[in-house]
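The structure under discussion appears below in the form of structure tokens.
Computed over heavy atoms, backbone and side chain alike; hydrogens, waters and symmetry mates excluded. Treat the numbers as computed from the prediction; the structure is a model and nothing was measured.
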Amino acid sequence: MNNTAWVAAGLGALALIAGGLLIFQNNGGEVADDVAQISAPSPQPSVAPKVRYPVSEAETSTDAAATGKGEAEVTHSPTPAPLPELENSDTPLVAEATPLFGAGGLPDFLVPTALIEHFVVTVDNLDRHPIRLGFRPVRHVPGRPVVDGGGSEKSIRYLAAANTQRYAPYVRALEALDPAQVAALYRRYYPLFQQAYKNLGYPRGYFNDRLVEVVDHLLATPAVEYPIPVVQPKVFYQFADPALEDLSWGQKSLIRVGPSQMATVKSFLRDLRVELTAP
């Protein structure tokens, strides 16, 4: 991984859904990965794939089933403003996402520029390899990895439990989010997420299917107790265990937050998955 630990938790639909996913964004010096180009999308089938988890075109805020209100009440609900163009979506998305984080407001580690595009790129690469910082919707995790001296083998050191505290602010931001509210904002802006996904090179793909796939991948991350043995063959640290080092960017990043905080993130992701796959 490279020099900036991949964490991030918020992003309302984006500055929000990322909440569950972006907690893994910053690559830290914990592990060295080659941060190169964005991974190329898989070849598209000649026939459009079956949509597994469709997102309703109906606006969540005016859907009686979603709000639990009667038809008469829904009739008098305010009509949501039309969606902006994708290239002009940052300001309105941030405005709608900010209240979802509570009194603290939008976390300062979010980068409110090309949010939807960067979120889509990030999600699409979490089960593969890291992407350049310029394509990520969050800033570096501050500080350097906390590594203890090794034991009998001088080449082996240990990623210390204290390292997990670097991620605590991101996890707290995630805990402030309500998965149902996150999903509602995501559904409202879904046409723009889908557009960004097509622009990325998936003309026949369906972004919500891909998002659920990545959530499932992250939920499968193994729990690893600290301290974690690491080696430093060159500039960056790598997990000493080849099985851990071979994990995806997202899973290795999630391991770094520590077992307790990982449980918090996974709990959010499970609840979010229910919302993402609801009829």
Side-chain angles (χ1 to χ4, degrees), residues 8-22 25 37-42 44 48-49 51-63 66-67 74 77-101 105-126 131-139 177-215 272 275-276 278:
L11 277 194
L14 172 110
L16 262 132
I17 274 202
L21 300 175
L22 297 186
Q25 254 192 139
Q37 301 292 331
I38 295 175
S39 298
S42 303
Q44 292 288 300
V51 176
R52 291 169 292 173
Y53 305 110
V55 173
S56 173
E57 294 182 2
E59 293 290 354
T60 302
S61 58
T62 58
D63 185 348
T67 61
V74 172
S77 297
T79 302
L83 289 179
E85 297 295 323
L86 177 60
E87 59 270 23
N88 298 319
S89 61
D90 289 334
T91 298
L93 177 57
V94 167
E96 293 189 49
T98 298
L100 301 185
F101 287 93
L106 200 69
D108 59 8
F109 54 74
L110 295 176
V111 181
T113 303
L115 279 172
I116 290 178
E117 296 96 319
H118 289 172
F119 177 72
V120 168
V121 169
T122 295
V123 167
D124 191 49
N125 283 271
L126 276 174
I131 56 175
R132 292 175 179 171
L133 287 171
F135 293 113
R136 306 177 192 178
V138 295
R139 307 184 195 283
L177 298 174
D178 180 335
Q181 293 180 341
V182 169
L185 183 56
Y186 167 71
R187 285 194 294 270
R188 165 158 158 70
Y189 278 82
Y190 185 76
L192 303 188
F193 285 91
Q194 181 64 20
Q195 180 184 339
Y197 191 55
K198 288 184 177 181
N199 293 348
L200 187 60
Y202 298 95
R204 296 177 180 274
Y206 192 74
F207 180 65
N208 199 53
D209 287 350
R210 178 65 175 141
L211 178 56
V212 173
E213 180 180 39
V214 171
V215 167
L272 181 63
E275 299 293 338
L276 295 176

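For the pair F193 and V120, the tightest heavy-atom approach, listed with the atom from each and the gap, is O-CG2, 3.8 Å. In terms of heavy atoms, P203 sits closest to K198 at O-CE, 3.7 Å. Between L100 and L177, the closest heavy-atom pair is O-CD2, 3.5 Å. Considering every non-hydrogen atom in both E275 and A183, the closest pair reads CB-CB, 3.4 Å.
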Sequence neighbours left out, cut at 3.5 Å: what donor-acceptor pairs do the side chains of residues 82-89 make with other protein atoms?
{"residue": "S89", "atom": "OG", "partner": "L86", "partner atom": "O", "Å": "2.7"}

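With hydrogens and angles ignored, the 3.5 Å screen pairs a side-chain donor or acceptor of Q194 with a backbone N or O of F207. Counting only distance, with no hydrogens or angles, the side chain of Y197 and the backbone of R210 share no donor-acceptor pair below 3.5 Å. One N or O on the side chain of D90 and one on the backbone of A114 form a donor-acceptor pair closer than 3.5 Å.
Note: L192 CG to I116 CD1 = 4.5 Å, rounded to the nearest 0.5 Å.
A side-chain donor-acceptor contact under 3.5 Å links E96 and Y189.
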- Run the side chain to side chain contact (heavy atoms under 4.5 Å, CB included) check on L93 and L185 step by step: do they pass? CA-CA 9 Å; L93 177 57; L185 183 56; 4.1 Å; yes
- Task: Show the numbers, then the answer: is there a side chain to side chain contact (heavy atoms under 4.5 Å, CB included) between L211 and Y186?
- Result: CA-CA 11 Å; L211 178 56; Y186 167 71; 3.6 Å; yes
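Shown here are the salt bridge (Lys or Arg N to Asp or Glu O under 4.0 Å) partners of D209, two or more places apart in sequence or in another chain: R52.
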